[in-house]
**Student:** 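One structure, pasted below without further comment.
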2 protein chains.
Amino acid sequence: MEHVDKLKHTGLKATLPRMKVLELFEHSAQRHLAAEEVYRQMVLLGFDLGLATVYRVLAQFEQAGLLKKSQLGAGRAVYELNDGEQHHGHLVSMTDGAVHEFFDPQIEARLADIAHDKGFEMADYVVTVFGRPR
Amino acid sequence: MEHVDKLKHTGLKATLPRMKVLELFEHSAQRHLAAEEVYRQMVLLGFDLGLATVYRVLAQFEQAGLLKKSQLGAGRAVYELNDGEQHHGHLVSMTDGAVHEFFDPQIEARLADIAHDKGFEMADYVVTVFGRPR
DNA sequence: ATACATGCAAACGATTTGCACTCCA
DNA sequence: TGGAGTGCAAATCGTTTGCATGTAT
């Protein structure tokens, strides 16, 4: 599906900033991008836009289901394309901050069970592992 | 062990603010407290101290192994007594923010394995489940 | 006494918002 | 055209820090 259509489909106007951000996520080497990184990439690519706009666009895209947001640790929040893929965890390297993804149905099932046991319905979960390379 | 001793044992001077904060964690109804909450409790209890001091004391206590820190979601970080208990996950109620704890050795083992498979040594992990009461 | 602690206010990094202006449908 | 989108700067939130003062050992 075309970018324009993807956007219209969500009720968002197909503006230049939004198109560019969407493209960036689809072409970028790294799957996970923080707002600041998106902003810097844009400027680097010669397309100048406001940082505030980046934050707004990212939030809208998350709302629209185009992106998924993950809060890794305290400061940085990263976004990634929402391929409709399974929910996954993140393995963060403590030396360089690199992010690896993993999915484990076993863990997901256990978490749902645990929530259930305590009288809750699991709506979402976050699993982040911090590790040092061997 | 006395509070005074607990502190001295860590190399920290047994000052009034530190004693009070330690007591608060040992007597508070809720196990998990954010810096802001600690601060408000103190003021409420008639003991006036600076918010900056709270942050410093909490950080020192974490260093000293007296408290454990958990970053739940974006903003707030919560601290809890470190009873030397096992590492555990948090189940956060989406309706009222209440925090329940849980520990699952199976999950912990899986996470260590996953990190290992990717060439990392797991140093820490965070598991947070968001759920709605049934 | 003297090194370590504290209070205050200013500095901080990430994110959000008010407002005047610009642009797509 | 008119409402949604944008840029900018100022505001916010949680947290940290510089510096002058206070205090436990």
Side-chain angles (χ1 to χ4, degrees), chain A residues 2-24 32-43 46-64 66-79 92 97 99, chain B residues 2-24 32-43 46-64 66-79 97:
Chain A
E2 284 302 316
H3 294 148
V4 193
D5 302 323
K6 267 195 188 170
L7 290 176
K8 286 188 179 170
H9 195 261
T10 67
L12 296 171
K13 284 186 184 173
T15 65
L16 211 43
R18 298 216 256 245
M19 306 273 270
K20 293 287 188 184
V21 171
L22 193 48
E23 279 173 29
L24 177 60
H32 301 84
L33 296 171
E36 188 72 34
E37 291 165 348
V38 171
Y39 175 68
R40 276 191 281 104
Q41 280 303 310
M42 286 301 165
V43 177
F47 181 69
D48 228 340
L49 79 178
L51 178 55
T53 299
V54 172
Y55 277 104
R56 277 188 285 234
V57 168
L58 291 179
Q60 291 158 350
F61 282 6
E62 192 203 356
Q63 274 292 341
L66 266 50
L67 296 180
K68 280 202 304 178
K69 179 182 187 176
S70 298
Q71 190 75 36
L72 302 185
R76 61 200 239 118
V78 296
Y79 290 82
V92 182
V99 181
Chain B
E2 283 303 316
H3 294 148
V4 193
D5 302 323
K6 267 195 189 171
L7 291 176
K8 286 188 179 168
H9 195 260
T10 66
L12 295 170
K13 284 186 182 173
T15 65
L16 211 42
R18 298 216 255 244
M19 306 274 270
K20 292 287 189 184
V21 171
L22 192 48
E23 280 173 28
L24 176 60
H32 302 84
L33 296 171
E36 188 71 37
E37 292 167 347
V38 170
Y39 174 68
R40 276 190 283 104
Q41 281 302 310
M42 286 300 167
V43 177
F47 182 69
D48 229 340
L49 81 176
L51 178 54
T53 300
V54 172
Y55 276 102
R56 276 189 286 235
V57 169
L58 291 178
Q60 291 158 349
F61 282 6
E62 193 202 354
Q63 275 291 344
L66 266 50
L67 296 179
K68 279 202 304 178
K69 179 182 188 177
S70 299
Q71 190 77 33
L72 302 185
R76 58 197 242 124
V78 296
Y79 290 82

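In what follows, every chain begins at residue 1, and chains take the letters A, B, ... in the order their sequences are listed.
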**Student:** How many angstroms lie between atom CD of B:Gln41 and atom CG of B:Leu33, to the nearest 0.5 angstrom?
**Tutor:**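 Atom-to-atom, B:Gln41:CD and B:Leu33:CG are 7.5 Å apart.
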
**Student:** Keeping the roles fixed (side chain from A:Arg18, backbone from A:Val57), state whether a donor-acceptor pair exists under 3.5 Å.
**Tutor:**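 No: the side chain of A:Arg18 does not pair with the backbone of A:Val57.
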
**Student:** Which listed nucleotide (D:dT6, D:dT15, D:dG5) is nearest to the side chain of A:Arg56?
**Tutor:** D:dT6

**Student:** Have a look at A:Ala34 and say if it touches a base, only the backbone sugar-phosphate, or nothing, with a 4.0 Å heavy-atom cut-off.
**Tutor:**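 It contacts nothing in the nucleic acid.
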
**Student:** So, for B:Val54 and B:Ala35, which heavy atoms are closest and what is the spacing to 0.1 Å?
**Tutor:** CG1-O, 3.6 Å

**Student:** Would B:Tyr39 and B:Thr53 count as a side chain to side chain contact (heavy atoms under 4.5 Å, CB included) if you check the C-alpha gap in whole Å, the side-chain angles of each, and the deciding distance to 0.1 Å?
**Tutor:** CA-CA 9 Å; B:Tyr39 174 68; B:Thr53 300; over 6 Å; no

**Student:** A:Thr15 side chain N/O closer than 4.0 Å to the phosphate oxygens (OP1, OP2) of C:dC23?
**Tutor:** no

**Student:** Can you check nucleotides 11-13 of chain D for protein contacts, nitrogen or oxygen pairs under 3.5 Å, and list what you find?
**Tutor:**
none

**Student:** For D:dT15, does OP1 or OP2 lie under 4.0 Å from any side-chain N or O of B:Tyr55?
**Tutor:**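 So the side chain of B:Tyr55 is within the cut-off, an N or O lying under 4.0 Å from OP1 or OP2 of D:dT15.
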
**Student:** Are A:Lys6 and A:Leu22 close enough that some pair of their side-chain heavy atoms sits under 4.5 Å apart?
**Tutor:** yes

**Student:** With sequence neighbours left out, what residues match B:Glu37 under salt bridge (charged side-chain N to carboxylate O under 4.0 Å, His left out)?
**Tutor:**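 Per chain and number, B:Glu37 pairs via salt bridge (charged side-chain N to carboxylate O under 4.0 Å, His left out) with B:Arg76.
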
**Student:** Side chain of B:Ala35, heavy atoms from C-beta onward: which of D:dT15, C:dA5, D:dT6 has the nearest atom to it?
**Tutor:**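 Nearest nucleotide to the side chain: D:dT15.
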
**Student:** Measure CD/A:Glu37 against C1'/C:dG13 and give the value in whole Å, please.
**Tutor:** 14 Å

**Student:** Should A:Leu7 and A:Leu66 count as side-chain neighbours, where that means a heavy-atom distance under 4.5 Å?
**Tutor:** yes

**Student:** Counting side-chain heavy atoms from CB outward, which of C:dA25, C:dA5, C:dT6 is closest to A:Lys13?
**Tutor:** C:dA25

**Student:** Would you mind classifying the nucleic acid contact of B:Ala59 as base, sugar-phosphate or nothing, using non-hydrogen atoms under 4.0 angstrom?
**Tutor:**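 Contact class for B:Ala59: none.
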
**Student:** I need the CD-P distance between A:Gln60 and D:dG5, as an integer number of Å.
**Tutor:**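 After rounding, the gap between these two atoms is 6 Å.
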
**Student:** Using whole Å, report how far CG of B:Leu58 lies from C1' of C:dT6.
**Tutor:**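 Spelled out: CG on B:Leu58 to C1' on C:dT6 is 15 Å.
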
**Student:** Atom CG of A:Leu49 and atom P of C:dC23: how far apart are they, to the nearest Å?
**Tutor:**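 Spelled out: CG on A:Leu49 to P on C:dC23 is 14 Å.
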
**Student:** When you measure from the centre of the six-membered ring of A:Phe47, is the NZ or CZ of A:Lys20 closer than 6.0 Å and no more than 45° off the axis?
**Tutor:** yes

**Student:** Starting at CG of B:Leu33 and ending at C1' of D:dG14, how long is that distance when rounded to a whole Å?
**Tutor:** 16 Å

**Student:** Heavy-atom nearest nucleotide on DNA chain C for B:Thr53 versus A:Lys69: which residue maps closer to 5'?
**Tutor:** B:Thr53

**Student:** Between B:Ala52 and A:Gly50, which residue's closest nucleotide on DNA chain D lies nearer the 5′ terminus?
**Tutor:** A:Gly50

**Student:** Round to a whole Å and report the spacing from OH of A:Tyr39 to P of C:dT15.
**Tutor:** 15 Å

**Student:** Does the C:dG13 base have a donor-acceptor partner in the side chain of A:Arg76 within less than 3.5 Å?
**Tutor:** no

**Student:** Quickly work out the A:Asp5 CG to C:dA25 P distance and round it to whole Å.
**Tutor:**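 Computing the A:Asp5:CG to C:dA25:P distance gives 11 Å.
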
**Student:** Can you check the A:Phe47 CZ to D:dT6 C1' distance for me, whole Å?
**Tutor:** 10 Å

